[in-house]
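These notes concern the structure reproduced below.
Keep in mind that the numbers below use all heavy atoms, side chains included, and drop hydrogens, waters and symmetry copies. Note that the structure is a prediction, hence the values are computed from the model and not measured. One-based numbering, in listed order, for ligands and for the atoms of each.
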Amino acid sequence: MTELSKGGHRHLLSIAELGADGIEEILEVSDAFVEVGRRSIPKVPSLRGRTVVTLFAEQSTRTRLSFETAAKRLSADVLSFSVDTSSVKKGESLRDTVETVAAMGVDAFVVRHTSAGAPAAVARWVDASVVNAGDGWHEHPTQALLDCYTIRQVLAERAGRALEDTGVECFVGLRVAIVGDVRHSRVARSLVLALGALGAEVTLVAPGSLLPPSLEGWPLSKVSYDLDAVLPHVDVCYLLRLQSERGAGAFLPSVREYSAWYGLTSRRAALLGDDALVMHPGPMNRGIEIADDVAALPRSLVLRQVSNGVAVRMAVLFMLLGQGQVGTGGSGPGLLPTLGTVVGG
Ligand code: NCD
């Protein structure tokens, strides 16, 4: 997490800035919040008196609700701001709007925007922490973190090991295929950066037209156009939504043809190894990138990803705003020793 803004607040704007240590620390803190989520009253007082605003300038179901649930479970006050129903529609600039909301006394902004870089701009304008909840084609860091969390959790369960004994070494050599509309996907970029930092072997599988124009800076093992050839050799098959609202259709002869070559049908899913996992960030286009019956298989982790998302976002908000703030340099007071008292009881 970086310090950028006035006031020296910390932000989570990209996976790129976290590094393996930063990712590991967030995954470890998330363990405690997964445990909180299992309690009969899944709420802790850690952020009592703090105010978190969700500022969404693009459609969202799970990310917005997940952040709001996370903030509420930490006892923060939550303000929910939709650009569509705000004075932005009367011509107010995003900057004036954000500064107006900030003037009410806000500790953190969770920002989703159609433009890459919008959360970083908000971080420069306000005296508060900012979390990127997805900006254009750029990044969606908390999605990548919850995906890594989910993979680590399943690997720990399968090995019969406690989560706290499962470090990020479990990612080294893990074979992950990321399939589909990589070109328009902030999820893919953040996930490739996270998995690359943790030592996984990532293969992008897509038609050439749905790959980014340049793969410079993407820590990849390889690129393939042939999903059937890749499936038998992966531990995780991560499907991306075809981003029609970003014009993905224009990059394809037809959605039907895309689905015929790159959709995970039951026939294709049968090519996967017995232990291979299927993941999708949602929302799913059933029948396009994933078949109905594949989404329902026990190996499909889609809903587990959503559940873990709340705990991971609690960890991020807590690390940005809680008492035990930490940096990634290891020079701070450290969070983990105080975590027990913060989430205890
Ligand atoms: C993703 C997004 O909005 O970037 N969804 C999500 O946050 N879970 C992926 C998508 O929309 O395809």
Side-chain angles (χ1 to χ4, degrees), residues 12-16 30 54-71 80 82-84 110-120 131-151 176-195 204-206 210-212 236-252 255 258-259 262-264 278-290 295 300-314 316-317:
L12 177 58
L13 301 175
S14 72
I15 288 288
S30 303
T54 52
L55 192 153
F56 276 55
E58 197 192 286
Q59 302 83 344
S60 167
T61 306
R62 71 215 76 228
T63 305
R64 179 183 205 126
L65 290 178
S66 179
F67 269 110
E68 292 180 358
T69 306
S80 179
S82 270
V83 164
D84 280 348
V110 177
V111 181
R112 166 165 288 194
H113 205 280
T114 45
S115 300
V131 182
N132 179 1
D135 60 335
W137 302 4
H138 174 228
E139 278 225 38
H140 192 353
T142 56
Q143 179 69 45
L145 291 166
L146 73 90
D147 292 333
C148 290
Y149 188 87
T150 303
I151 294 172
V176 182
I178 300 181
V179 185
D181 186 3
V182 183
R183 183 185 186 96
H184 301 105
S185 177
R186 54 196 175 208
V187 170
R189 185 191 299 267
S190 288
L191 188 58
V192 168
L193 290 171
L195 291 170
L204 294 182
V205 188
L210 288 184
L211 288 170
V236 179
C237 175
Y238 193 103
L239 302 161
L240 299 169
R241 183 176 65 85
L242 196 61
Q243 312 250 317
S244 325
E245 79 281 14
R246 301 191 200 286
F251 291 83
L252 296 167
V255 170
Y258 171 82
S259 185
Y262 294 98
L264 194 64
V278 173
M279 301 177 75
H280 191 302
M284 292 184 280
N285 288 317
R286 288 172 184 266
I288 298 180
E289 67 263 355
I290 187 164
S300 155
L301 302 180
V302 180
L303 291 179
R304 199 198 271 230
Q305 289 168 263
V306 176
S307 313
N308 285 334
V310 175
V312 169
R313 289 174 175 128
M314 285 173 84
V316 167
L317 290 172

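Inter-residue side-chain proximity for Leu204 and Val192 is flagged as met; some heavy-atom pair is nearer than 4.5 Å.
Around ligand 1, the residues contributing at least one heavy atom under 4.0 Å from the ligand are Arg62, Thr63, Arg112, His140, Gln143, Arg186, Val187, Arg241, Gln243, Pro281, Gly282, Pro283.
Remark: His138 engages Asp135 in a side-chain hydrogen bond (donor to acceptor under 3.5 Å, both in side chains) (not counting sequence neighbours).
Evaluation of the salt bridge (charged side-chain N to carboxylate O under 4.0 Å, His left out) test over residues 179-193, restricted to residues two or more places apart or in two chains, returns Glu58-Arg186. Within the structure, salt bridge (charged side-chain N to carboxylate O under 4.0 Å, His left out) contacts touching residues 301-313 (residues at least two apart or in different chains) are Glu157-Arg304.
Judged by distance alone, the side chain of Arg241 and the main-chain N or O of Gly282 form no donor-acceptor pair under 3.5 Å. Under the 3.5 Å distance criterion, the side-chain polar atoms of Gln305 are matched with a main-chain donor or acceptor of His280.
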